[in-house]
Amino acid sequence: DSGAAFYKPLTEMIAERWLAQPKWLVVKTAISLAGVKSTKHDYIQSQLKNVFETDFVINLVVETHERWASDKKAICFTVSVAGAKALAERFVEKGFRAAAIYGEMEQSERDAILRQFATGEIMIVCNCAVLTEGFDEPSIEVCHLVRPTKSMGLYLQMIGRILRPKGGGQALADETAVIFEYAPEKTRALARIAYLMELPPEETAKLEKAQDGLDVITKTVEAGELLAGFGYDGQQLNIGGLGVDGLSIIVEELNYLED
């Protein structure tokens, strides 16, 4: 069918350098979503907001950015408009040039913020369901996922905003995109990444086993700390966790952020 859409797996797009290499850093929130109900595709947003969008998480995002990526341009995805506004305000209170974008905002105001974001006058933009698709700003270096989701489509849309090569063509050999994911309890991030990457069954089985080990490590890490790191370099998925085994991959992946 000549009208069929052309599709390439994420792994191939990264290997061929049409996308930057993603590096996930998982931050423990210790928040349980056990009581949050779901529709067929995702959490009920109002319930998710009440449980997850807390002062603790808002402060944690700002502290994480301040610690690991203070000079990097970032996009943040939140559960609600109120959360986007609160997060932007907290960033500003800490001295960052940040702004919130939301659906009810006047188009002229939104366009002005995005122009300032492109030039670096604004370094952090927080949004709720506005910039998930149809938005392309290659200069973004960091993504803060402050919005748990069961929807693989939504997840891919959010991280896709940071995977675009900065030069507009192919990515440089060492070009990376850092994704901070604020994980609720019992998040099986490795299993999701295996599905996202469409890895072969044998690789998926390895990740499931690694996830079991990560679940054990999770119990030894304090809320607010980095829990694990995953990086895909176009050939293989590199995995590391915190805890008794030391910083491992986390240190390797974050060192360049401190340069």
Side-chain angles (χ1 to χ4, degrees), residues 23-31 45 48-106 108-132 135-149 155 157-164 166 176-184 222-227 253-254 256-259:
K23 296 187 184 298
W24 286 270
L25 297 165
V26 183
V27 184
K28 181 175 179 177
T29 67
I31 293 176
Q45 189 171 357
L48 182 62
K49 172 187 179 298
N50 291 337
V51 171
F52 192 78
E53 218 161 58
T54 62
D55 282 343
F56 170 74
V57 171
I58 296 295
N59 287 329
L60 177 56
V61 176
V62 176
E63 290 167 4
T64 300
H65 188 84
E66 191 171 35
R67 180 179 180 185
W68 298 114
S70 61
D71 62 340
K72 306 298 179 184
K73 185 176 288 188
I75 186 170
C76 309
F77 293 96
T78 62
V79 179
S80 71
V81 171
K85 291 179 178 179
L87 183 56
E89 289 172 3
R90 198 65 50 86
F91 270 120
V92 171
E93 288 171 3
K94 287 288 187 177
F96 291 98
R97 302 191 303 276
I101 281 185
Y102 44 92
E104 297 81 5
M105 177 180 281
E106 291 289 336
S108 58
E109 185 179 0
R110 184 191 304 184
D111 291 345
I113 290 173
L114 292 180
R115 282 196 299 271
Q116 290 178 300
F117 190 45
T119 62
E121 293 174 76
I122 289 175
M123 289 294 287
I124 302 168
V125 164
C126 308
N127 83 104
C128 169
V130 174
L131 304 178
T132 48
F135 172 68
D136 187 20
E137 178 48 64
S139 63
I140 301 172
E141 300 166 279
V142 172
C143 175
H144 292 282
L145 289 183
V146 204
R147 199 263 186 249
T149 180
Y155 186 87
Q157 285 178 333
M158 291 189 291
I159 69 169
R161 304 285 66 79
I162 192 177
L163 294 179
R164 308 287 185 186
K166 293 177 178 57
T176 60
V178 179
I179 302 158
F180 286 100
E181 184 168 346
Y182 297 84
E222 295 293 328
E225 292 299 317
L226 290 171
L227 171 62
E253 306 304 352
L254 288 179
Y256 81 98
L257 289 176
E258 299 181 300
D259 291 343

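Hydrogens, waters and symmetry mates play no part in the numbers below; they use all other heavy atoms, side chains included. Heads up: numbering here begins at 1 and tracks the sequence.
- The line from SG of C143 to CG of L25 is 11.5 Å long, rounded to the nearest 0.5 Å.
- The two residues M123 and D71 come nearest to each other via the heavy atoms CE-O, 3.6 Å.
- Listed by first then second residue, pairs satisfying side chain to side chain donor-acceptor pair (under 3.5 Å) with a partner in residues 76-85 read E53-S80, not counting sequence neighbours.
- Without hydrogens or angle criteria, T119 side chain to Q116 main chain gives a donor-acceptor distance under 3.5 Å.
- Between L145 and the options W24, Y155, F180, a side-chain contact (heavy atoms from CB on, under 4.5 Å) holds for only Y155.
- Looking only at distances, no side-chain donor or acceptor of R164 sits under 3.5 Å from a matching main-chain atom of E137.
- Within the model, atoms CG of L60 and CZ of R90 stand 11.5 Å from one another, a figure rounded to the nearest 0.5 Å.
- Contact detail for A69 and V142: the closest heavy-atom pair is CB-CG2, 3.9 Å.
- Listed here is the closest heavy atom pair of I122 and A99: CD1-CB, 3.9 Å.
- Put simply, the side chain of F135 does not reach to within 4.5 Å of the side chain of N127, judged on heavy atoms.
- Here CD1 of I101 is found 11.5 Å from SG of C76. Values are rounded to the nearest 0.5 Å.
- Judged as a ring-ring contact (aromatic ring centres under 6.0 Å, His included), and not counting sequence neighbours, the contacts of F91 are H65, F96.
- Using a 4.5 Å heavy-atom threshold, the side chains of K73 and F117 count as touching.
- For the 3.5 Å distance criterion, the side chains of K23 and T176 fail to qualify, holding no donor opposite an acceptor.
- Annotation: side chain of V62 is in contact with side chain of L87 (closest heavy-atom distance under 4.5 Å).
- W68 is not listed as a side-chain neighbour of V27, based on a closest heavy-atom distance of 4.5 Å or more.
- Counting non-hydrogen atoms of other residues, nucleotides and ligands closer than 6.0 Å to CD of E106 gives a total of 12 or fewer.
- Closest heavy-atom contact between H144 and A74: CD2-CB, 4.0 Å.
- Residues V57 and T54 form a side-chain contact, since some pair of their non-hydrogen atoms from C-beta on lies under 4.5 Å apart.
- Within the 4.5 Å cutoff, the side chain of I179 has no heavy atoms near those of the M158 side chain.
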Query - side-chain contact (heavy atoms from CB on, under 4.5 Å) evaluation trace for V178 with E141 - result: CA-CA 7 Å; V178 179; E141 300 166 279; over 6 Å; no
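- Side-chain atoms of D136 do not come within 3.5 Å of backbone N or O of R161 as any donor-acceptor pair.
- Looking at heavy atoms from C-beta onward, K94 lies out of side-chain contact with E63 at the 4.5 angstrom threshold.
- Nearest heavy atom pair, residue T29 against residue F52, reads OG1-CE1, 3.9 Å.
- Residues V79 and P148 share a closest heavy-atom pair of CG2-CD, 4.3 Å.
- Residues C128 and K49 have side chains not in contact (no heavy-atom distance under 4.5 Å, counting atoms from C-beta outward).
- Of the possible polar contacts, none joining the E181 side chain to the V26 backbone as a donor-acceptor pair under 3.5 Å is found.
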